Asks: 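The structure follows.
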Amino acid sequence: MSYIGALVLSVSEDETEAFVILGNLLAQRHFPAFLEMRTCEIEKRWRVFEILLGQECPQLACHLDHIQLSPDLIITDWWFTLFTKDFRRGTSARVMDCVLLEGEPLLMRAAVGLCKALEP
């Protein structure tokens, strides 16, 4: 959360606006599940991502399966921080805007897109 908070503060006009933005982000459907560690809901999201990864990046999905690396080890951090640890500030702000507009489906698309870009 500190990564998201830092980004919000850096792009906001004042603290009140930052608080409202952060509140709106936390109201997204996926955040409560992660914050409250509702494993059943989190695992459903992992399974959906694994299916999408298999469809869009079959070589990478096969490789991860072969080395027994579960994609949830990668995407949990991406989703929990809204990619703020991995992208520059401008890109992270754009992802945050899109999450506010489109919600959780954007997180799936961004994660699959990033994997597709990194696929050999």
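Predicted, not measured: the structure shown is a model, and the values here were computed from it.
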Asks: At what distance, to the nearest 0.5 angstrom, does CG of D97 lie from CG of L82?
Replies: 11.0 Å
Asks: Determine, step by step, whether M96 and V11 satisfy the side chain to side chain contact (heavy atoms under 4.5 Å, CB included) criterion, reporting the C-alpha distance in whole Å, the side-chain angles of both residues, the deciding distance to 0.1 Å, and the verdict.
Replies: CA-CA 11 Å; M96 191 179 309; V11 298; 5.6 Å; no
Asks: Just checking R109: does its CZ atom have more than 12 heavy atoms from other residues, nucleotides or ligands closer to it than 6.0 angstrom?
Replies: yes
Asks: Looking only at heavy atoms, which two atoms of V8 and A18 are closest? And how far apart?
Replies: CG1-O, 3.3 Å
Asks: Could you tell me if the side chain of W46 sits less than 4.5 Å from the side chain of T76, heavy atoms only?
Replies: yes
Asks: Contact between L53 and I75 at the side-chain level, heavy atoms closer than 4.5 Å - yes or no?
Replies: no
Asks: Search all heavy atoms of A61 against all heavy atoms of G54 and return the closest pair with its distance.
Replies: CB-CA, 3.8 Å
Asks: Just grab all the salt bridge (charged side-chain N to carboxylate O under 4.0 Å, His left out) pairs involving residues 48-69, residues at least two apart or on different chains.
Replies: E56-K116
Asks: Using every non-hydrogen atom in the two residues, find where I4 and T81 come nearest and quote the distance to one decimal.
Replies: CG1-O, 3.5 Å
Asks: Can you name the nearest heavy-atom pair linking S92 to T84, along with the distance?
Replies: OG-CA, 3.4 Å
Asks: Once you round to the nearest 0.5 Å, how far does CG of L106 lie from CZ of F83?
Replies: 8.0 Å
Asks: Looking at side-chain heavy atoms only, is the closest gap between L69 and I74 below 4.5 Å?
Replies: yes
Asks: Between R45 and E41 (side chain of the first, backbone of the second, donor and acceptor by atom type, cut-off under 3.5 Å), is there such a pair?
Replies: yes
Asks: With sequence neighbours left out, what residues match I51 under side chain to side chain contact (heavy atoms under 4.5 Å, CB included)?
Replies: Q55
Asks: May I ask you to test the R94-T91 pair for a side-chain heavy-atom distance under 4.5 Å?
Replies: no
Asks: What do the steps show when you test W79 against M108 for side chain to side chain contact (heavy atoms under 4.5 Å, CB included), and what is the final call?
Replies: CA-CA 9 Å; W79 289 346; M108 292 282 185; 3.6 Å; yes
Asks: Quick one: salt bridge (charged side-chain N to carboxylate O under 4.0 Å, His left out) partners of D77, sequence neighbours excluded?
Replies: K85
Asks: OG/S2 to CG/L7 distance, rounded to the nearest 0.5 angstrom?
Replies: 11.5 Å
Asks: If you measure from CD1 on I42 to CZ on R47, what distance do you get to the nearest 0.5 Å?
Replies: 11.5 Å
Asks: How long is the span from the SG atom in C115 to the CH2 atom in W78, to the nearest 0.5 Å?
Replies: 4.0 Å
Asks: What closest approach, in Å, do V112 and L52 show between heavy atoms, and which atom pair accounts for it?
Replies: CG2-CB, 3.8 Å
Asks: Can you tell me if F87 has over 12 outside heavy atoms packed within less than 6.0 Å of its CZ?
Replies: yes
Asks: Could you state whether V20 and L100 fall into the same hydrophobic cluster, counting links through intermediate Ile, Leu, Val, Met, Phe, Trp or Tyr residues with side-chain heavy atoms under 4.5 angstrom apart?
Replies: no
